[in-house]
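The next block holds one structure in the form of structure tokens; read it before the comments.
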Number of protein chains: 4
Amino acid sequence: MSDAPFDTMDEAAASRARQEADPDPEAGGIAADRLRSIIERVERLEEERKALADDIKDIFAEAKSAGFDVGVVKQVIRLRKKEPAEVEEMETLLDLYRRALGM
Amino acid sequence: MSDAPFDTMDEAAASRARQEADPDPEAGGIAADRLRSIIERVERLEEERKALADDIKDIFAEAKSAGFDVGVVKQVIRLRKKEPAEVEEMETLLDLYRRALGM
Amino acid sequence: MSDAPFDTMDEAAASRARQEADPDPEAGGIAADRLRSIIERVERLEEERKALADDIKDIFAEAKSAGFDVGVVKQVIRLRKKEPAEVEEMETLLDLYRRALGM
Amino acid sequence: MSDAPFDTMDEAAASRARQEADPDPEAGGIAADRLRSIIERVERLEEERKALADDIKDIFAEAKSAGFDVGVVKQVIRLRKKEPAEVEEMETLLDLYRRALGM
DNA sequence: CAAGAATTATGAACCC
DNA sequence: GGGTTCATAATTCTTG
């Protein structure tokens with residue numbers, strides 16, 4: 001595959017070449033370009049994810065300064081993710097268990 | 001935020017709203033509309049976040065089926081987030097400690 | 001267990017006896033004594049676990065004040081949990097991927 | 001916490017430790033014995049921690065086969081860790097928010 | 001054995 | 001700024 005076989009280079013030179021000039025698309029038997037593509041796409045998406053996380057944080061800060069209890073608001077959001085029937089069922093059981101324990 | 005949102009509702013509609021959601025935008029002294037806005041915005045952003053997480057998962061699945069070791073790829077990504085000098089420092093220490101332990 | 005008649009038992013013991021004889025001794029059809037036993041045993045074990053976690057934290061504090069890099073020490077401990085061959089394999093791959101990316 | 005962990009070892013034990021793992025107690029300018037002591041103590045405590053975790057897991061398995069909802073039992077345990085007043089307060093707020101949202 | 005849930009650990013954020 | 005709680009990431013374990 002390579003036009004400049006590494007067996008005529010010493011290791012350091014080969015390494016330099018790979019890094020600086022020709023990132024050998026199959027260096028070490030690896031599909032380097034494929035790997036780079038994968039990593040860069042993940043990094044891009046992670047950045048977007050982080051931006052959204054920051055936005056969410058801002059909203060909770062707003063909630064807090066509006067006087068809401070952020071922990072409880074988060075709990076509400078968690079409940080809304082579940083099926084109402086499931087919530088109902090869990091709350092019934094929770095009541096039952098607490099009663100059994102005298103809580 | 002309107003203080004009298006029901007002015008334009010007929011009685012039946014108002015009644016339904018009261019029953020199903022919240023008749024009183026200040027029930028229990030709570031700014032219900034404000035709370036709802038906060039929660040819905042967070043939920044919207046969380047959906048987007050989830051979509052991105054799924055995309056990332058897809059990419060790792062692709063990496064795996066291309067023969068890459070996903071754990072190691074993640075490690076590479078983690079390393080790329082750090083300053084090169086910091087990485088260097090950690091690796092030097094790691095070597096030192098392992099040597100001290102005969103590993 | 002005890003051969004002593006119920007009137008010399010404390011409440012817990014009486015309760016236990018009640019459960020063994022009658023699987024449905026309490027409100028809501030719940031085996032309250034069984035539940036209580038489960039919860040109390042878990043809580044006891046969790047306390048012990050917490051104590052151990054605190055001890056570990058103390059040791060890392062000691063390591064830090066002795067000049068060790070705690071993050072790297074933890075990494076060493078993680079490595080020691082793995083098979084040497086597995087560690088070797090991962091490090092080889094990591095090198096390979098980093099080289100492919102010019103890191 | 002002892003600053004001199006070898007105080008409690010006899011000479012033979014200290015000597016054995018040095019021999020098996022690292023012959024040079026100061027390899028690389030590192031207090032190798034100190035490091036080894038730290039790591040081995042942590043590993044010992046982590047083993048105990050794991051044993052307790054397994055015990056807890058067993059109890060939850062028992063709870064499950066006795067017909068309890070393990071998730072709800074865990075929730076009860078979480079509630080019991082909090083101050084009753086705090087639980088009460090949170091539940092009041094939760095009710096309030098849910099009502100405001102018509103949940 | 002792969003997918004999903006649950007636990008654990010690390011890193012970030014908040015309060016004191 | 002240090003310590004503690006909280007969020008995210010990773011590993012582990014269970015289940016289909």
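Naming: A, B, ... by sequence-line order, numbering from 1 per chain. Predicted model, so just to flag it, every value in this text is computed and none were measured.
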Could you tell me whether the phosphate oxygens of F/dA9, OP1 or OP2, come under 4.0 Å of any side-chain nitrogen or oxygen in B/Lys74?
no
Taken to the nearest whole Å, CD/A/Glu43 to C1'/F/dA9 is 16 Å
Check C/Leu45 against D/Leu52 and note the closest heavy-atom contact, atom names and distance.
CD2-CD2, 3.6 Å
Specify the separation, in whole Å, of atom NZ of B/Lys81 and atom P of E/dT10.
16 Å
Between B/Leu45 (CG) and F/dT8 (P), how many Å, whole number?
12 Å
How many whole angstroms separate atom CG of A/Asp58 from atom P of E/dC14?
10 Å
So that I can tick it off, tell me whether C/Arg98 and B/Glu91 are bridged by a salt bridge, with the cut-off set at under 4.0 angstrom between side-chain N and carboxylate O.
yes
Round to the nearest Å and state the distance from A/Asp54 atom CG to E/dC14 atom P.
11 Å
Does the pair A/Arg44/A/Glu48 count as a salt bridge with the N-to-O cut at 4.0 Å?
yes
So which atom in D/Tyr97 and which in A/Asp69 form the shortest heavy-atom distance, rounded to 0.1 Å?
OH-N, 2.9 Å
Is there a side-chain polar atom (N or O) of C/Arg78 under 4.0 Å from OP1 or OP2 of F/dA10?
no
Would you kindly give the CZ-to-P distance between D/Phe60 and F/dC13, to the nearest whole Å?
17 Å
Heavy atoms under 4.0 Å, any strand shown: does A/Lys64 hit a base, just sugar-phosphate, or nothing?
sugar-phosphate
OP1 or OP2 of F/dT8 sitting under 4.0 Å from any side-chain N/O of B/Arg49?
yes
Measure from CD on A/Glu46 to P on F/dT8 and round the result to the nearest Å.
13 Å
Gap between atoms CD and P, on C/Gln75 and E/dT10 respectively (whole Å)
10 Å
Give a yes/no answer on whether the side chain of D/Lys57 brings an N or O atom under 4.0 Å of OP1 or OP2 in F/dC13.
no
